[in-house]
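To start, the structure itself, in structure tokens.
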Amino acid sequence: MPLALGIDASTQSCSALVIDTDAGEVVAEASVNFGERLPQYGAPSGFIPGGANGEVHSDPRMWLDALELLLADLRQQCELSEVTAICGAGQQHGSVYLNDNWFSYAGKLNTGKSLAEQIAPCLSRATSPIWMDTSTGAECREIAEAVGGNDVVCAKSGSIAIERFTGPQIRRFYKTQPEAYVATARIHLVSSFLCSVLCGADAPIDTGDGAGMNLLNLQSWQWDAELLSATAPELEAKLPGVVPGNTVVGEISAFFVEKYGFAQGTQVTVFTGDNPSSLVGMGASRPGKVVVSLGTSDTFFAAMPGVVTDPDGYGHVFGNPLGGSMSLQCFVNGSLAREAVRDRFGMDWGRFTAALKDTVPGNDGKLMLPFFRPEISPRLDLDEPVLHGGTAFEKWEEAEAAVRACVEGQFLNLRLRSAWMRLQPEVIYLTGGASKNDAIAQVAADIFEAKVQRLAVSGSVALGAAMRAAHRCFDIDMDTLEKHFCQADPGSTVTPRVSPGAYDALAEQFSSLVGKYLS
Ligand code: ADP
Ligand code: XUL
């Protein structure tokens, strides 16, 4: 009974799935919500609120505590000694800064103490900037200028210099805390940090998550010398190596064998970013399927036959963990924006859903730019939504219309901003926390004029990780894994209810409203 474990270290929670590849079943599933289970870190949505100048940070010790709670929960459901392959994924772009102690801590871990307590002395920066951080506008401009413009950054790395990407974040750290930068011996992504912790040794970064740093050259899939020197001095020595997604990087460390009952010798496959992992978990790692993930961020992504970049500079190209590349568009104002509208009217998800059902597609022309914090796709520096369509609506006096305007605005934006990928999907595969909401899925189907499907196994990030572990370590081909684990949830298909072109005029109006706020 070969079991594979997949871990998903996302923005608001750390989750895991264990799959039995012989039976084709998920045998254990657990999730630790940071805000609920670890309130001592003061991060109700997974990050420390109130950061100055666009800073959004999290405490990396919270991720370590969550990993331990998660394994303790899983252990109640299955025999962890039967897990013989592990892989995982992390929220992309976030970075962890470590001093020299990091390289020698592994042999010293003691099961009588927590991981967080023991790894804390290795941190050269107490908190980690995460993907929601927008503090690095100046650094993005400096990096672009140093290499000859954003066209060059994009041609090399697949994205223009972007505030949340790790390179600009590293540059800001180097500029604002030069001594702490010098004391930093290793900079990890969330994914490679947790992978290292599991292996008890310094792990590499994969090409999927590495491409979210503005440091990786997409021709060579190695660090780009020019981008490194435009970012910060002596940077190459502080970064781990880069490897393809199909690489075993180590074995589970003695700490986890002793404390959680894993078998010695359990192999760990390199971790990747949450989106590249979801690509695998949705059965979309070969070109042809389009995935929309409605998590903390909303993302639109697909495996690509070649490298195509966004002419407007908002989109990205990452490595595909199974080889080749993937395109991705990320929207910061995802679930937290839907929650902000819900909470403004004191609703729960039930009433939010009813509001969508009680209003008509097109919302009688009432529109919202649904951005509660600066958006990146497109780049708009708003901290509250713009409403358009009659005085009462604009004064937030029409709750139901506001709910529909928020969700329609989000999907109109997704449609407009993903056009550069030149995909005309007949089916959209929906995942992430909000994907279970049928009324939201209906808006997606109507606006994209495509069928929407959800998979029977939810949690595509953790599933993708478990599938990658099984593919690599048990040598099971992806077709077989997809056949077992990536089947559409019967009865979950949603088809468009509007006539073709119904949203074209509203999309144009949305686009021109956006145009008024573009800087
Ligand atoms: P992440 O992986 O980024 O941490 P998830 O994919 O787990 O996030 O999604 C969490 C989000 O799902 C929550 O913030 C919540 O807004 C949203 N969500 C959960 N249930 C519903 C629902 N019934 N309708 C709409 N959104 C929901
Ligand atoms: C992708 C992005 C987010 C994070 C968190 O570029 O910033 O989707 O990966 O999910």
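Order of listing sets the numbers, starting from 1, for every ligand and every atom in it.
- No hydrogens or angles considered: nothing links the side chains of Q91 and D274 as a donor-acceptor pair under 3.5 Å.
- Remark: ligand 2 atoms within the under-4.0 Å shell around heavy atoms of L328 are 1 (C), 6 (O).
- Checked against a 6.0 Å centroid threshold, the rings of H316 and F301 do not count as neighbours.
- Of all protein heavy atoms, the one closest to atom 8 (O) of ligand 2 is S297 OG, 2.8 Å.
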Exercise for review: Evaluate the ring pair (Phe, Tyr, Trp, His ring centres under 6.0 Å) criterion for residues F173 and Y97: first the C-alpha distance (whole Å), next the side-chain angles of each, then the deciding distance (0.1 Å), finally the verdict.
Suggested key: CA-CA 10 Å; F173 179 53; Y97 297 76; 4.7 Å; yes
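- Annotation: side-chain contact (heavy atoms from CB on, under 4.5 Å) contacts of S128 (sequence neighbours excluded): P60, W63, V96.
- For F448 and F300, the distance between ring centers is under 6.0 angstrom.
- Between K156 and D224, at least one side-chain nitrogen of the basic residue sits less than 4.0 Å from a carboxylate oxygen of the acidic one, meeting the salt-bridge criterion.
- Annotation: atom 9 (O) of ligand 2 to nearest protein heavy atom, D274 OD1, 2.7 Å.
- Regarding atom 2 (C) of ligand 2, its nearest protein heavy-atom neighbour is C330 SG, 3.4 Å.
- Within 6.0 Å of atom CD in Q40, more than 12 heavy atoms from other residues, nucleotides or ligands are found, so the atom counts as buried in its surroundings.
- Judged purely by distance below 3.5 Å, without hydrogens or angles, the side chains of D133 and Q169 pair a donor atom with an acceptor atom.
- The option with the heavy atom closest to atom 6 (O) of ligand 2, from among Q92, Q91, H93, is H93.
- Distances below 4.0 Å separate heavy atoms of T299 from the following atoms of ligand 2: 8 (O).
- Using a cutoff of 4.0 Å between basic side-chain nitrogens and carboxylate oxygens, D343 and R338 are not scored as salt-bridged.
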When you pair each N or O of ligand 1 with protein N or O atoms, which pairs come out under 3.5 Å?
residue, atom, partner, partner atom, Å
ligand 1, 2 (O), S10, OG, 3.4
ligand 1, 3 (O), T296, N, 2.9
ligand 1, 3 (O), T296, OG1, 2.6
ligand 1, 4 (O), Q12, N, 3.0
ligand 1, 4 (O), T296, OG1, 3.4
ligand 1, 6 (O), G433, N, 2.9
ligand 1, 9 (O), G433, N, 3.3
ligand 1, 14 (O), Q12, NE2, 3.0
ligand 1, 14 (O), E339, OE2, 2.6
ligand 1, 16 (O), E339, OE2, 2.4
ligand 1, 24 (N), N437, ND2, 3.1

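- In this comparison of W131, F165, F331, the heavy atom closest to atom 4 (C) of ligand 2 sits on W131.
- Close contacts between ligand 2 and R164 involve ligand atoms 1 (C), 2 (C), 6 (O), 7 (O) [criterion: under 4.0 Å to a heavy atom].
- Of all the heavy atoms of T296, none lies under 4.0 Å from any atom of ligand 2, so neither backbone nor side chain is involved.
- A salt bridge is defined here as a Lys NZ or Arg NE, NH1 or NH2 lying under 4.0 Å from an Asp or Glu carboxylate O, and E400 with K366 fails to meet this definition.
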